[in-house]
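Given the structure is predicted, the values throughout are model-derived calculations rather than measurements. Residues take their numbers from the sequence shown, with the count starting at 1.
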Amino acid sequence: MASAAGKQASKIVSKTTSGGTAAAGATGAPPAMPLASPLMGKKKKPFLGMPAPLGYVPGLGRGATGFTTRSDIGPARDANDPVDDRHAPPGKRTVGDQMKKSQDDDDEDLNDTNYDEFNGYAGSLFSSGPYEKDDEEADAIYAALDKRMDERRKERRELREKEEIEKYRMERPKIQQQFSDLKRKLSEVSEEEWLSIPEVGDARNKRQRNPRYEKLTPVPDSFFSKHLQSGENHTTVDPLQGLAGLNTPYPGSMTPGLMTPGTGDLDMRKIGQARNTLMDMRLSQVSDSVSGQTGGGSQRLFDRSQLHDPHTWSDIKKARLLLKSVRETNPHHPPAWIASARLEEVTGKIQVARNLIMKGTEMCPKSEDVWLEAARLQPGDTAKAVVAQAVRHLPQSVRIYIRAAELETDVRAKKRVLRRALENVSKSVRLWKTAVELEEPEDARIMLSRAVECCPTSVELWLALARLETYENARRVLNKARENIPTDRHIWITAAKLEEANGNTQMVEKIIDRAITSLRANGVEINREQWIQDAEECDKAGSVATCQAVIRAVIGIGIEEEDRKHTWMEDAESCVAHGALECARAIYAHALQVFPSKKSVWLRAAYFEKNHGTRESLEALLQRAVAHCPKAEVLWLMGAKSKWLAEDVPAARSILALAFQANPNSEEIWLAAVKLESENNEYERARRLLAKARSSAPTARVFMKSVKLEWVLGNIEAAQELCTEALKHYEDFPKLWMMRGQIEEQCENTDKAREAYSQGLKKCPHSVALWLLMSHLEERVGQLTRARAILEKARLKNPQSPELWLESVRLEFRAGLKNIASTLMAKALQECPNSGILWAEAVFLEARPQRKTKSVDALKKCEHDPHVLLAVAKLFWSERKITKAREWFLRTVKIEPDLGDAWAFFYKFELQHGTEEQQEEVRKRCENAEPRHGELWCAESKHVLNWQKKTGEILAEAAKKIKNAF
């Protein structure tokens with residue numbers, strides 16, 4: 001007790017002391033001295049004034065657990081007492097609410113839904129316990145371990161993340177990357193174009209800029225009662241508008257409004273009827289019109305693949321209710337029964353569908369569609385019974401008879417059904433045609449004889465009968481057909497084909513002329529396009545005389561005189577495109593009769609015969625052509641070439657001799673005669689011809705051919721002398737300078753070759769080929785800097801020359817400077833943005849992943865350029881897309897058949913990936929096209945050693961030089 005009293009006294013003293021000190025400090029007075037105490041004289045303990053260790057409980061060692069006073073827990077309060085916070089939210093305004101809330105916060109959520117198999121519970125199991133120093137140390141250790149492990153994997157993780165980001169950006173590029181090609185076009189926009197761009201403003205009209213919102217005011221009931229009593233009618237719903245057969249009258253359109261007569265009260269029964277009518281209208285607008293669709297139920301309300309969707313089932317229920325309402329409202333409406341049956345069929349309730357449609361046949365016995373739908377839904381024998389019942393109700397229905405015949409499996413039964421149908425409906429062309437198709441030829445002829453009596457206006461039946469009859473009987477049948485149907489042209493054309501088939505070709509022209517006269521007399525307009533189509537059909541059927549007679553009869557109808565030539569050439573090309581070659585030949589023949597002195601018409605006809613005719617027909621046409629146009633050198637040359645290709649050299653010489661008489665001193669004929677002799681190894685005759693040409697008709701080309709003849713024959717000195725002589729007269733002809741330089745290069749006289757090119761460039765500074773030869777010479781001797789300077793000078797002399805830019809790019813690329821080559825290519829495309837050869841080269845300058853994008857840009861700029869199309873074909877070839885590559889090769893040679901490089905690459909492609917037939921086809925097409933242009937092609941065809949090789953041999957040589965390193 002004494003010790004307790006001492007403790008109490010010391011506590012009071014300490015509290016008093018601290019309180020006094022605080023008060024003194026507050027008032028600014030000097031601190032008061034502590035009161036005297038018996039403890040002051042004792043020695044001070046070392047732990048006094050120090051903080052207690054963690055987990056220390058005073059008195060725990062001697063069994064004292066401490067005590068709690070009211071000051072520690074606060075005053076005692078009831079659970080319903082309000083809290084001190086006047087603005088506490090609902091649920092926290094009483095002491096009991098706050099105690100309950102704190103207790104809930106302390107309880108942990110150990111529910112199974114809050115448990116994860118890997119991470120455990122979402123919260124901490126020991127969150128309610130004290131967070132002590134050893135917990136802090138443990139957390140620091142774990143954090144250091146996590147940081148260390150993270151640093152070990154950091155490099156690999158960052159590398160993997162970087163690769164994933166790059167892959168993602170390649171697959172899904174940013175918006176700015178997708179518009180990169182459009183941004184590049186901004187460099188082409190001039191300052192004036194920028195300034196002319198209008199400012200963005202509000203282009204809407206005033207009403208849209210300042211909308212006036214609709215104001216709705218509720219109408220009072222007195223308004224309705226007033227108008228109901230007055231008996232006014234307001235019928236704004238028209239059920240006949242936009243419906244497919246719904247003829248139910250709208251209740252209220254026949255009676256005075258929706259009210260009971262004589263009163264002002266609403267008639268609820270009529271409101272219900274109006275609601276049903278509205279449902280009927282909506283159903284008809286949304287669903288398919290089933291009127292006349294009884295074939296296979298192709299148009300259905302729902303797809304079977306949607307039946308697993310619960311929303312679809314709710315829609316089916318709604319549709320079922322709507323259809324039921326329609327059937328009850330108007331039970332004599334056939335589409336409602338058909339739609340109901342099809343709805344049940346789709347949902348799988350086939351028996352319900354059958355019951356519904358049979359009930360529909362009872363309610364609508366005169367509806368053809370309902371009976372056909374019932375026959376479709378019923379099984380075999382039952383369907384036959386349904387059709388038999390339908391025939392009793394509708395004995396004139398052709399479609400029901402056709403359905404009855406289709407249900408029969410035996411041919412005899414089909415015939416029996418159709419013959420019974422013809423007894424009832426003898427005017428039906430469809431029934432007659434179906435019945436005739438089942439008969440043998442003899443029986444069919446008899447039936448058709450009866451058919452044309454019953455249906456005398458059917459052209460098809462008359463023509464079918466004429467085909468089955470003999471020649472004499474067929475003539476009689478067609479004469480009767482013309483009497484019954486005097487306005488149909490097919491009967492006349494068939495008569496002409498009949499005469500041609502029986503060898504009476506002299507009557508064909510008369511029949512067609514009489515047809516035109518008779519049809520005009522009967523008021524029929526002669527449609528030129530239709531008659532030409534009929535002529536094409538005759539051509540495809542093998543009736544050549546009829547086709548030509550039709551063309552001659554109608555080719556000049558409805559055409560102005562000044563448009564005849566142009567229109568006829570277009571008609572001939574159209575016939576060729578449709579495969580009607582005889583029609584085209586007839587058009588050309590008629591055009592040549594009208595325009596015998598037109599060189600262009602003769603040329604088109606000659607090219608037509610060359611491509612689609614025989615050698616004999618071509619030569620016969622050319623003989624007539626040169627007789628009418630003796631001054632047309634090209635016609636003489638075509639005739640001579642045709643004879644030469646047929647290895648008839650004397651005939652070719654005689655044609656050229658006649659050409660000399662008609663065109664004396666003609667350069668083209670001189671050179672053609674020289675070529676004829678040189679190709680046939682008659683070199684001395686060729687030399688004499690050239691010497692005579694140089695004396696009588698000296699031209700630069702004649703001298704050039706003279707130099708080339710001596711060069712290819714190995715007479716270098718004679719070639720040089722002729723070249724020197726030619727340059728005295730024609731120093732501005734660049735090909736002579738090129739030949740002189742190439743001859744010196746062949747003799748390995750580099751300095752003389754350089755001198756020849758230099759002199760040529762002084763005389764012909766705009767010859768791109770000369771600049772290229774000069775650059776190649778310097779590059780070949782290792783002077784890359786000089787070659788680069790020559791090309792730069794050439795570009796200055798010849799701006800916007802894609803060939804010079806291309807050679808500059810290739811020069812840098814061959815030197816291994818790919819970056820400079822890419823820079824030059826960018827500059828070249830800026831200066832020549834529509835150059836196909838530059839874009840084609842740019843595609844393969846890119847890395848393989850970027851080539852496809854570059855090819856797309858090239859196609860946008862040069863859509864129909866053969867070099868770009870060839871580059872795309874090679875791109876697909878390099879990616880092993882064989883089918884696509886072949887398609888693009890075919891497109892290239894079709895657009896530009898004169899490009900030899902395309903044929904060479906196409907042939908190389910087929911050698912690797914095609915069959916022998918495909919290779920042979922490419923070779924033949926190339927020989928027919930006779931290409932003359934192309935960098936690779938000209939390098940082979942103009943080589944001195946290949947001067948006598950044919951087109952096919954040059955094609956093979958060019959293909960050998962191609963490597964697949966794209």
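Ser808 places a side-chain N or O within donor-acceptor distance of the main-chain N or O of Leu804, the cut-off being under 3.5 Å. Checking side-chain atoms of Ser642 against main-chain N and O of Gly639 turns up no donor-acceptor pair under 3.5 Å. Side chain of Trp737 to main chain of Asp732: no donor-acceptor pair is present (N/O by atom type, distance under 3.5 Å, no hydrogens or angles). Asp901 contributes no side-chain N or O that, together with a main-chain N or O of Ala958, makes up a donor-acceptor pair within less than 3.5 Å. With hydrogens and angles disregarded, a donor-acceptor distance shorter than 3.5 Å links the side chain of Ser654 to the backbone of Ala651. Formation of a donor-acceptor pair under 3.5 Å by the Ser822 side chain with backbone atoms of Lys818 is found in this model. Lys631 contributes a side-chain N or O that, together with a main-chain N or O of Ala662, makes up a donor-acceptor pair within less than 3.5 Å. Without hydrogens or angle criteria, Ser696 side chain to Lys692 main chain gives a donor-acceptor distance under 3.5 Å. Using a distance-only test at 3.5 Å, with no hydrogens or angles considered, a donor-acceptor pair links the side chain of Asn663 to the main chain of Pro630.
Within 6.0 Å of the CG atom in Asn681, the count of heavy atoms belonging to other residues, nucleotides or ligands exceeds 12. Within a 6.0 Å radius of CD in Glu193, more than 12 heavy atoms belonging to other residues, nucleotides or ligands are found. Counting non-hydrogen atoms of neighbouring residues, nucleotides and ligands closer than 6.0 angstrom, the NE2 atom of His864 reaches no more than 12 such neighbours. The number of heavy-atom neighbours closer than 6.0 Å to NZ of Lys705, taken from other residues, nucleotides and ligands shown, is 12 or below. Within 6.0 Å of the CD atom in Glu191, the count of heavy atoms belonging to other residues, nucleotides or ligands does not exceed 12.
Salt bridge Glu188/Lys861: present, at least one basic N to carboxylate O contact under 4.0 Å. For the pair Glu940 and Lys949, the salt-bridge criterion is not met [side-chain N within less than 4.0 Å of a carboxylate O]. A salt bridge does not link Asp857 with Lys854: every distance from a Lys NZ or Arg NE/NH1/NH2 to an Asp or Glu carboxylate oxygen is 4.0 Å or more. Checked for salt-bridge contact, Arg688 and Glu677 miss the test: no charged N lies under 4.0 Å from a carboxylate O. Between Arg786 and Glu778, at least one side-chain N (NZ, or NE/NH1/NH2) sits under 4.0 Å from a carboxylate O, which counts as a salt bridge. A salt bridge links Arg615 and Glu619; the closest N-O separation between the charged side-chain nitrogens and carboxylate oxygens is under 4.0 Å. For Glu935 and Arg810, the salt-bridge test passes: some basic side-chain N is under 4.0 Å from an acidic carboxylate O. Taking a cutoff of 4.0 Å between a charged side-chain nitrogen and a carboxylate oxygen, Glu710 and Arg687 qualify as a salt bridge. With salt bridges taken as basic N to acidic carboxylate O contacts below 4.0 Å, one links Arg814 and Glu807. A salt bridge links Arg788 with Glu812; the closest basic N to acidic carboxylate O contact falls under 4.0 Å. The pair Glu573-Arg604 meets the salt-bridge criterion, with a side-chain N (NZ, NE, NH1 or NH2) lying under 4.0 Å from an Asp/Glu carboxylate O. A salt bridge does not link Arg851 with Glu846: every distance from a Lys NZ or Arg NE/NH1/NH2 to an Asp or Glu carboxylate oxygen is 4.0 Å or more.
Geometrically, Arg925 does not engage Trp903 in a cation-pi contact, judged by NZ or CZ lying under 6.0 Å from the ring centre and within 45° of the ring axis. Cation-pi contact between Lys874 and Phe905: present, with separation from the ring centre below 6.0 Å and deviation from the ring axis of at most 45°.
Minimum interatomic distance between Arg923 and Leu955 (heavy atoms only, all atoms of both residues): CA-CD2, 3.9 Å. Cys723 approaches Val707 most closely through the heavy-atom pair N-CG2, 3.7 Å. Contact record, Ala719 with Ile743: CB-CD1, 4.1 Å, taken as the closest heavy-atom pair. In terms of heavy-atom proximity, Leu736 sits nearest to Met704 at CD2-CA, 4.0 Å. Minimum interatomic distance between Gly836 and Val868 (heavy atoms only, all atoms of both residues): O-CG2, 3.6 Å. Gly934 and Leu899 make their closest contact through CA-CD1, 3.9 Å (heavy atoms, listed as atom of the first residue, atom of the second, distance).
Side chains of Lys894 and Phe889 form no contact here, defined as non-hydrogen atoms less than 4.5 Å apart. Taking the side chain as every heavy atom from C-beta outward, Glu927 and Lys950 never approach each other to under 4.5 Å. A heavy-atom distance below 4.5 Å is not found between the side chains of Ile655 and Trp644. Under the 4.5 Å side-chain criterion, counting only non-hydrogen atoms from C-beta, Ser767 is not in contact with Leu761. Using a 4.5 Å heavy-atom cutoff, the side chains of Asn834 and Asp865 are not in contact. For the pair Gln720/Glu725, no side-chain contact is recorded, criterion being any heavy-atom separation below 4.5 Å from C-beta on. The shortest side-chain heavy-atom distance between Arg740 and Tyr757 does not fall under the 4.5 Å cut-off. Within the 4.5 Å cutoff, the side chain of Glu744 has no heavy atoms near those of the Asp751 side chain.
You'll find the ring centres of His867 and Trp839 outside the 6.0 Å limit. The six-membered or imidazole ring of Trp670 lies near that of Phe660, with a centre-to-centre distance under 6.0 Å.
Between the CZ atom in Arg754 and the CE atom in Met774 there is a gap of 6.5 Å [rounded to 0.5 Å].
For the ring-ring contact (aromatic ring centres under 6.0 Å, His included) test, no residue two or more places apart in sequence or in another chain qualifies with Tyr607.
Under the ring pair (Phe, Tyr, Trp, His ring centres under 6.0 Å) rule, Tyr588 has a single partner from Phe595, Phe608, Trp602, which is Phe608.
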Discussion item. Assess the residue pair Gln918 and His913 against the criterion (side chain to side chain donor-acceptor pair (under 3.5 Å)); give the C-alpha distance rounded to whole Å, side-chain angles, the decisive distance to 0.1 Å, and a yes or no.
Written reply: CA-CA 10 Å; Gln918 291 171 329; His913 304 286; over 6 Å; no
Discussion item. One pair to check against side chain to side chain donor-acceptor pair (under 3.5 Å): Glu633 and Ser666. What are the steps and the verdict?
Written reply: CA-CA 8 Å; Glu633 299 173 355; Ser666 170; 2.6 Å; yes
Practice prompt. Tell me, with the steps shown, if Trp711 and Gln742 meet side chain to side chain donor-acceptor pair (under 3.5 Å).
Written response: CA-CA 10 Å; Trp711 184 15; Gln742 288 173 333; over 6 Å; no
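The aromatic rings of Phe909 and Trp877 lie perpendicular to each other, with more than 60° between the two planes, well past the 30° mark. The aromatic rings of Tyr730 and Phe703 lie tilted to each other, with the angle between the two planes from 30° to 60°.
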